[in-house]
Visitor: 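Encoded as structure tokens, here's the structure I'll be asking about.
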Number of protein chains: 2
Amino acid sequence: MSNAPGLDTIHSFLIVAEELNFRRSAERLNLDQSALTRRIQKLEHSIGFKLLERTTREVALTQAGQSFYKDNAHLLTRYAESIEGARRIAEGKAGHLRIAYMAFAATELMPSAVARFRQAHPHVDVALQYIRTQGQKLALANDEVDLGYMIGPFEHPDYNSVMLSSETLYVVTPLNHPLLRKFSISPTDLAEQDLILGDMREWEEYRRRLNDLFNAEGIELQVGLEASNTLALLGLVAAGLGITVYPESLIGFLGRSVEVRPIVHSQFRSRTVLTWKKSNHSEQVRAFVEVAKNLPARH
Amino acid sequence: MSNAPGLDTIHSFLIVAEELNFRRSAERLNLDQSALTRRIQKLEHSIGFKLLERTTREVALTQAGQSFYKDNAHLLTRYAESIEGARRIAEGKAGHLRIAYMAFAATELMPSAVARFRQAHPHVDVALQYIRTQGQKLALANDEVDLGYMIGPFEHPDYNSVMLSSETLYVVTPLNHPLLRKFSISPTDLAEQDLILGDMREWEEYRRRLNDLFNAEGIELQVGLEASNTLALLGLVAAGLGITVYPESLIGFLGRSVEVRPIVHSQFRSRTVLTWKKSNHSEQVRAFVEVAKNLPARH
DNA sequence: CTTTATTATTGCGAGATTTGCATCAACAAA
DNA sequence: TTTGTTGATGCAAATCTCGCAATAATAAAG
């Protein structure tokens with residue numbers, strides 16, 4: 001039993017079983033007729049019984065040969081299909097991809113990348129999941145997602161990450177707010193203002209980052225109110241209870257009840273990175289990152 | 001594409017995919033570890049992409065490798081099963097057999113052979129078909145049946161046949177018939193008797209044979225009446241309208257309303273042969289013939 | 001930090017396998 | 001009888017495969 005036949009040998013038998021003629025079969029196989037004869041002989045020897053009944057003038061399938069043919073007729077096709085399926089995955093044209101995203105990537109960065117990726121790789125099924133930055137780090141570690149759009153920067157020896165955007169932060173104020181007299185705002189202008197921010201549980205990383213930024217400038221944030229969603233937050237701002245700070249990608253979605261002004265300061269930016277495990281060698285990940293990095297700049 | 005892998009190579013990959021360790025896999029395969037490495041390398045080269053991601057310390061399946069594994073996990077099992085199925089047929093332990101029989105084989109010869117054959121080859125399904133001798137010759141020629149129990153002898157260059165029985169012929173008479181005074185009958189005793197036989201359409205070959213036998217003795221048959229089935233025939237005999245001739249195998253089935261006497265003459269016998277096409281190399285046929293030839297003599 | 005142990009890979013020569021060419025034996029058709 | 005076609009076989013060259021030994025990478029242990 002040590003000598004299992006090759007797929008080519010099985011293929012040879014299938015051809016002979018169809019042609020019932022060694023010379024023609026050998027021709028189809030681009031093989032010498034004697035070699036073909038020997039392949040069949042060896043195959044028969046390896047399984048222990050005759051598959052073909054042959055005289056010098058005629059070749060016929062034995063009953064066992066018929067059964068063997070019927071059972072293995074599609075073996076090669078199946079094998080070829082298994083290769084094609086695997087190849088599509090290897091080339092990143094199939095398989096699946098689980099992508100996590102946080103709020104700031106939800107409006108522009110993630111959708112446009114996913115749209116373009118799906119166009120290029122229609123056979124890859126993409127699963128999207130809203131997870132906040134901290135949760136994404138756990139999800140990545142546990143291999144629950146393949147990629148995460150998170151607030152950056154993020155440096156870690158086990159992960160790769162590329163910075164996809166560094167957006168200007170904007171101050172969001174009620175209409176007719178005093179700050180609007182200036183066309184652009186500096187961080188120090190916000191020192192005395194009441195801030196309305198998302199609460200810690202929901203806006204964790206963003207709050208942390210903002211704190212760091214202001215502290216670096218020697219400014220202590222005065223958070224007067226908290227809300228857990230954007231709509232509530234905007235309502236409070238519009239009502240004149242304070243101001244808030246949002247990255248550029250979101251301000252296009254704000255209503256007309258508030259005004260915005262950019263914060264002019266090289267450090268006051270919101271950075272979004274795309275992160276994945278270094279040990280994740282999936283070709284789909286590579287392909288997606290490629291797409292995400294090279295998105296055409298939005299006017 | 002000319003280098004299709006061997007089944008052993010595929011097997012090797014499956015093992016490695018399970019073990020995720022070349023050394024252990026090589027051990028399971030009774031193969032040097034370097035040879036295993038090369039098999040996998042060659043396999044990957046033949047399909048054009050990597051199946052395994054390996055460092056010197058760890059082996060992991062690529063996504064493509066996972067897909068390839070899943071698709072081919074049962075390839076070897078299926079192949080092994082295809083061999084087993086074919087082997088059973090090759091050994092005559094499976095497959096199918098179509099057997100035709102005529103009346104004289106129906107009571108003893110065919111049933112006992114079939115019974116014994118099915119016991120030895122339970123996986124062969126046997127299809128039985130009542131066909132008269134002439135019809136069997138057509139059925140065999142058209143490959144509609146594999147074997148035929150027919151009235152013999154039958155000689156033909158394209159067919160094999162073995163004689164299974166040569167039975168004494170018996171005269172069947174009404175009770176108290178004059179012929180019963182003799183314990184055994186000679187053919188000439190029948191010269192003046194009224195005979196009742198099966199009609200030509202239903203009893204074709206038997207009638208032909210009987211005619212030949214009597215003619216060879218210079219006796220012209222006087223067929224007084226014809227019937228198309230045995231029961232009607234016996235009824236006519238019992239009613240005293242004539243006598244008839246049956247082979248030994250049937251007289252045990254006759255009722256008590258008639259008497260029988262053997263015909264003592266070396267040529268006056270009914271021969272039953274089992275016939276099959278020489279071109280039919282089915283192992284089941286061979287096996288059945290073997291069984292049929294070597295049936296234990298009945299009592 | 002060094003040593004040790006374990007891993008997969010690579011170089012190489014011996015042996016086995018496969019191939020193509022030439023030839024043969026069987027047999028059908030002319 | 002001749003001719004042509006079939007599958008099988010002898011043989012030598014090319015190719016492939018294997019096992020042994022050595023190597024490089026790296027994790028674990030001292």
Side-chain angles (χ1 to χ4, degrees), chain A residues 1-47 49-62 64-65 68-69 157-158 277-279 281, chain B residues 1-47 49-62 64-65 69 157-158 278-279 281:
Chain A
M1 274 303 169
S2 61
N3 44 358
L7 288 182
D8 45 4
T9 296
I10 297 175
H11 185 216
S12 300
F13 167 73
L14 296 179
I15 298 289
V16 176
E18 287 161 12
E19 293 280 356
L20 293 178
N21 177 307
F22 277 69
R23 183 188 53 75
R24 272 204 307 279
S25 302
E27 212 166 292
R28 268 179 68 178
L29 290 163
N30 290 330
L31 194 71
D32 191 88
Q33 174 260 336
S34 67
L36 178 56
T37 288
R38 287 195 172 94
R39 278 192 183 178
I40 303 296
Q41 285 173 339
K42 186 171 182 187
L43 174 61
E44 289 178 327
H45 188 261
S46 89
I47 60 182
F49 50 89
K50 286 230 164 309
L51 293 170
L52 295 163
E53 201 65 53
R54 31 217 198 275
T55 69
T56 52
R57 299 301 292 179
E58 249 182 345
V59 177
L61 280 167
T62 62
F68 189 79
Y69 174 82
D158 291 348
K277 246 188 179 174
K278 278 184 178 167
S279 65
H281 296 285
Chain B
M1 271 307 167
S2 60
N3 44 358
L7 288 183
D8 46 3
T9 296
I10 296 175
H11 185 218
S12 300
F13 166 73
L14 296 178
I15 299 289
V16 175
E18 286 162 13
E19 292 281 355
L20 292 179
N21 177 308
F22 277 69
R23 183 188 53 75
R24 273 204 306 280
S25 303
E27 212 166 292
R28 267 180 67 177
L29 290 163
N30 291 329
L31 194 71
D32 192 89
Q33 180 247 44
S34 67
L36 178 56
T37 289
R38 288 195 171 94
R39 278 190 184 178
I40 304 295
Q41 284 173 338
K42 186 171 181 184
L43 174 61
E44 289 178 327
H45 188 263
S46 88
I47 60 183
F49 50 89
K50 286 229 163 311
L51 293 170
L52 295 163
E53 201 65 53
R54 35 220 198 269
T55 69
T56 54
R57 299 300 292 180
E58 248 181 348
V59 177
L61 279 168
T62 61
Y69 174 81
D158 291 348
K278 279 184 179 169
S279 65
H281 296 284

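Chain A is the first sequence line, chain B the second, and so forth, proteins listed ahead of strands; every chain is numbered from 1. Quantities reported herein were computed from a predicted structural model and do not represent experimental measurements.
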Visitor: Look at the side chain of Thr62(B) and the backbone N and O of Glu53(B), then say whether any donor-acceptor pair between them is shorter than 3.5 Å.
Guide: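 A pair under 3.5 Å: no.
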Visitor: Check whether any side-chain nitrogen or oxygen of Arg54(A) sits under 4.0 Å from OP1 or OP2 of dA26(C), and answer yes or no.
Guide: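 No, because none of the side-chain N or O atoms of Arg54(A) sits under 4.0 Å from OP1 or OP2 of dA26(C).
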Visitor: Separation of Glu58(B) atom CD from dA25(D) atom P, in whole Å?
Guide: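 Checked: the CD to P distance equals 18 Å.
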Visitor: In whole angstroms, how far is the C1' atom of dA8(C) from the CD atom of Gln33(B)?
Guide: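 Nearest whole value for this atom pair: 6 Å.
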Visitor: Do Glu18(A) and Arg24(A) meet the salt-bridge criterion of a basic N to acidic O distance under 4.0 Å?
Guide: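 No salt bridge links Arg24(A) with Glu18(A).
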Visitor: Hey, which of these two, Asn30(A) or Thr56(A), hits DNA chain C nearer its 5' end, going by closest nucleotide?
Guide: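 It is Asn30(A) whose nearest nucleotide is closer to the 5' end.
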Visitor: Check every atom of dC18(D), dG20(C), dC20(D) against the side chain of Arg38(A) and return the nucleotide holding the closest atom.
Guide: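 The nucleotide sitting nearest to the side chain is dG20(C).
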Visitor: Nearest heavy atom decides the nucleotide; on that basis, is Asn21(B) or Leu36(A) closer to the 5' end of DNA chain C?
Guide: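 Looking at DNA chain C, the more 5' nearest nucleotide goes with Asn21(B).
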Visitor: Between dA21(D) atom C1' and Arg23(B) atom CZ, what is the distance in whole Å?
Guide: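 It is 18 Å, rounded to the nearest whole Å.
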Visitor: So, the side chain of Arg54(A) versus the backbone of Leu52(A): is there a donor-acceptor pair under 3.5 Å, distance only?
Guide: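 Pair found, side chain donor or acceptor close to backbone of Leu52(A).
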Visitor: Could you tell me whether Glu44(B) and Arg39(B) have a side-chain N and a carboxylate O separated by less than 4.0 Å?
Guide: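 A salt bridge is absent here (no side-chain N lies under 4.0 Å from a carboxylate O).
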Visitor: Closest to the Val59(B) side chain: dA8(C), dG19(D), dC18(D)?
Guide: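 Of the candidates, dA8(C) comes closest.
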Visitor: With respect to the phosphate group of dA8(D), does any side-chain polar atom (N or O) of Ser34(A) fall under 4.0 Å of OP1 or OP2?
Guide: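 Result: no.
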Visitor: Figure out the CZ/P separation between Phe22(A) and dG20(C), and round it to whole Å.
Guide: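 Roughly 16 Å, once rounded to whole Å.
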Visitor: Could you check how far NZ of Lys42(B) sits from C1' of dT9(C), rounded to whole Å?
Guide: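 From Lys42(B) NZ to dT9(C) C1': 18 Å.
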Visitor: For Glu27(B) and dA8(C), what is the distance between atoms CD and C1' respectively, to the nearest whole Å?
Guide: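 Atom-to-atom, Glu27(B) to dA8(C), this comes out as 15 Å.
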Visitor: With a 3.5 Å distance limit and no angle check, can you tell me whether Ser25(A) reaches the backbone of Asn21(A) through a side-chain donor-acceptor pair?
Guide: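 Checked: pair present.
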Visitor: Quick one: on DNA chain D, does Arg57(A) or Gln41(A) contact a more 5' nucleotide (nearest heavy atom)?
Guide: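 Upstream on the strand: Arg57(A).
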Visitor: At 4.0 Å (heavy atoms only), tell me whether Leu31(A) reaches a base, stays on the sugar-phosphate, or touches nothing.
Guide: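 Sugar-phosphate contact only - Leu31(A) comes under 4.0 Å of backbone atoms but never of a base.
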Visitor: Nearest whole Å is fine: how far is dT6(D) P from Glu53(A) CD?
Guide: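 It works out to 19 Å between those atoms.
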Visitor: Over how many whole Å does the gap from Asp32(B) atom CG to dG15(C) atom C1' extend?
Guide: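 My rounded result for the distance is 15 Å.
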Visitor: Please determine, for the side chain of Ala35(B), which listed nucleotide (dG7(D), dC18(D), dT7(C)) has the closest atom?
Guide: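 Looking only at side-chain atoms, Ala35(B) lies closest to dC18(D).
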